[in-house]
Amino acid sequence: FPGKPLKLSLATEEIATFYAKMLDHEYTTKEIFQNNFFHDWRKEMTSEEQEIIQDLAKCDFSEIHKYFVEKSEARKALPKEEKQKLKEEADKIQEEYGYCLLDGHREKIGNFKTEPPGLFRGRGDHPKMGMLKKRIMPEDVIINCSKDSKIPEPPEGHKWKEVRFDNTVTWLASWTENIQNTLKYIMLNPSSKLKGEKDWQKYEVARRLKDVVHEIRARYRADWKSKEMKNRQRAVALYFIDKLALRAGNEKEEGETADTVGCCSLRVEHIKLHPRLDGQEHVVEFDFLGKDSIRYYNKVSVEKRVFKNLQLFMKNKDPSDDLFDRLTTNFLNKHLQHLMDGLTAKVFRTYNASITLQEQLKALTNPEDNVAGKLLSYNRANRAVAVLCNHQRSVPKTFAKSMEILQAKIDAKKKQVEEAQQELKKAEDELEDTKDAKAEANVEKKKKLLKRLEEQLARLNVQATDKEENKQIALGTSKLNYLDPRISIAWCKKFGVPIEKIYNKTQREKFAWAIAMANEDFEF
DNA sequence: TTTGGGGACTCAGAAATGTACTG
DNA sequence: GCAGTACATTTCTGAGTCCCCAA
């Protein structure tokens, strides 16, 4: 502290380490983060510390930071045996606490540890970033198990907040988190029977939507003319949810979270209307932050009636007013429930994602391709879905570099192709002159070589395109949460692609139900 | 009768960790 | 054969959706 070390109380010191560990992160440069942190930090200080430490800017965390950097490096540099030992210890803990017994089956738990204390990191412009996330004590934890089971013992000298026996819910333990005052749960791993069955159900609901979606579309198109403004807004919103795979957009408490929206919570400022744009008519330009503060930007040509309705909804409103001021997700979902049992707004996302994958696979797969080529088609189809759902990622740090390396490979291959072309020419000339069998064989050999090189070049080019197109797109989310795995499994079986090529071990465990179920004829 | 909050679950990208490849 | 790095996988926990219930 101003230039000289200061001995802190244990609690104060621990919180200081939370901040020091994050020094490299952009978070710590933000004023809100600093203010929230300092406010919460001071609350935990002794009165003497409060007296001394009145200004965060005067605190120098660099020594603490350095300590942790060194510690993590020391850990990395540990000899093999030591690392092995650590791993074994972790495995032992996993073995003891990572499983539960459900209906007589041993099932893997998803998150079997409570979250450690630290500084809250919200996504985007979060008003609570930097606040202190407190340590969870046994006294905060509710245990949920069967009456006749062996009830887990709390740590020595502690007791649980509560032990209950509720078999209508799936969680094993829960606690209330102190930042947003919401519940957190210990639940099963996606590979469990329970989660698998729910996953299956989800896709079955989406498949049922397939049967009635045409009627529903006809219905909402008709409702664009509804006399009731509420219904008209609902019909336009549903059109966006269906066509653009937008999320429902529940209302959120202002000031508690980052300012993000979904369909029903869109504000006037989030869209622009262009009667004409780039040769298209009735273009709506969307620009807003969605879940996780991921930007949604899109220009879409819409039906004239939708366009007119939007103009009407925006009339005499401020930019910060709700676009669909008469609409709530509750009202929308009630309507959907009425149209089809189990139908809610999010089902459209699942349905459109899965049907898009199926259609794209049909359109893009060439049975003549080798496995690599087919996988490329698969990734393209997957990508189409990710684009639809707006699943983004930040550009990988090493992207530019690895792209350069790939480009260098392509250039080298090009050169090889050129050389092979010349060699072939030479061989052909020679054959022209000599017309002997040896020269002919040589021509064939050179032809083969050229062909192989050209194929390699083509493959590299495709790889580069694939990489470039994938730069900002995250495929994982749709693969894990939106695409009926049976579509992919059927595709694999039909085209002789090993399932391991598209699903890794964890994913195969999660989709075990589908692997057991789908044959090559499966249709979503 | 809506509205608001609690509760339980799915979905989300970043960060940490593990593995495989390359020079 | 080994270290360093690129890439893949796993973990983590925040951020949504949607239902229910009570005032």
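In the text below, chain A, chain B and the rest are named by the order of the sequence lines, each starting its count at 1.
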When we call it a touch if two heavy atoms are under 4.0 Å apart, what does Leu480(A) touch: a base, just sugar-phosphate, or nothing? nothing

What pairs of nitrogen or oxygen atoms, one from the protein and one from nucleotides 21-23 of chain B, lie under 3.5 Å apart?
none

Pick base, sugar-phosphate or nothing for Glu177(A), based on heavy-atom distances below 4.0 Å to the nucleic acid. nothing

Nearest-nucleotide check on DNA chain C, Gly262(A) vs Asn504(A); residue mapping nearer the 5' end is Asn504(A)

Looking at every strand, decide which applies to Asn250(A) at a 4.0 Å heavy-atom threshold: base, sugar-phosphate, or nothing. base

Integer-rounded Å distance: dC11(B) P and Lys479(A) NZ: 17 Å

Can you name the residues that form a side-chain contact (heavy atoms from CB on, under 4.5 Å) with Lys334(A), not counting sequence neighbours? Asn330(A)

So Leu475(A) and Arg383(A), do their side chains get closer than 4.5 Å, heavy atoms only? yes

Is the distance from the ring center of Tyr27(A) to that of Phe33(A) below 6.0 Å? yes

Would you mind classifying the nucleic acid contact of Gly476(A) as base, sugar-phosphate or nothing, using non-hydrogen atoms under 4.0 angstrom? nothing

Among Phe37(A), Phe18(A), Phe120(A), Trp41(A), whose side-chain contact (heavy atoms from CB on, under 4.5 Å) with Leu132(A) holds? Phe18(A)

Show the distances under 3.5 angstrom between N or O atoms of the protein and N or O atoms of nucleotides 4-8 of chain B.
{"residue": "dA8(B)", "atom": "OP1", "partner": "Trp171(A)", "partner atom": "NE1", "Å": "3.4"}
{"residue": "dA8(B)", "atom": "OP2", "partner": "Tyr185(A)", "partner atom": "OH", "Å": "2.8"}
{"residue": "dA8(B)", "atom": "O5'", "partner": "Tyr185(A)", "partner atom": "OH", "Å": "3.4"}

Which residues in residues 117-132 of chain A have at least one heavy atom lying under 4.0 Å from any atom of DNA chain C? Phe120(A), Arg121(A), Gly122(A), Arg123(A), His126(A)

Minimal heavy-atom distance between Asp322(A) and Lys317(A), with the atoms involved, is O-NZ, 2.8 Å

Counted 5' to 3', the first and last nucleotides of DNA chain C within 4.0 Å (strictly under) of a heavy-atom of chain A are dA6(C) to dC19(C)

Side chains of Glu256(A) and Lys128(A), heavy atoms from C-beta outward: is any pair under 4.5 Å? yes

Among Leu172(A), Asp166(A), Ile186(A), which residue meets the side-chain contact (heavy atoms from CB on, under 4.5 Å) test with Asn144(A)? Asp166(A)

Does Met137(A) have any side-chain contact (heavy atoms from CB on, under 4.5 Å) partners at least two apart in sequence or in another chain, and if so, which? Arg135(A), Glu139(A), Asp140(A), His158(A)

Should Lys346(A) be listed as having a side-chain N or O under 4.0 Å from OP1 or OP2 of dC11(B)? yes

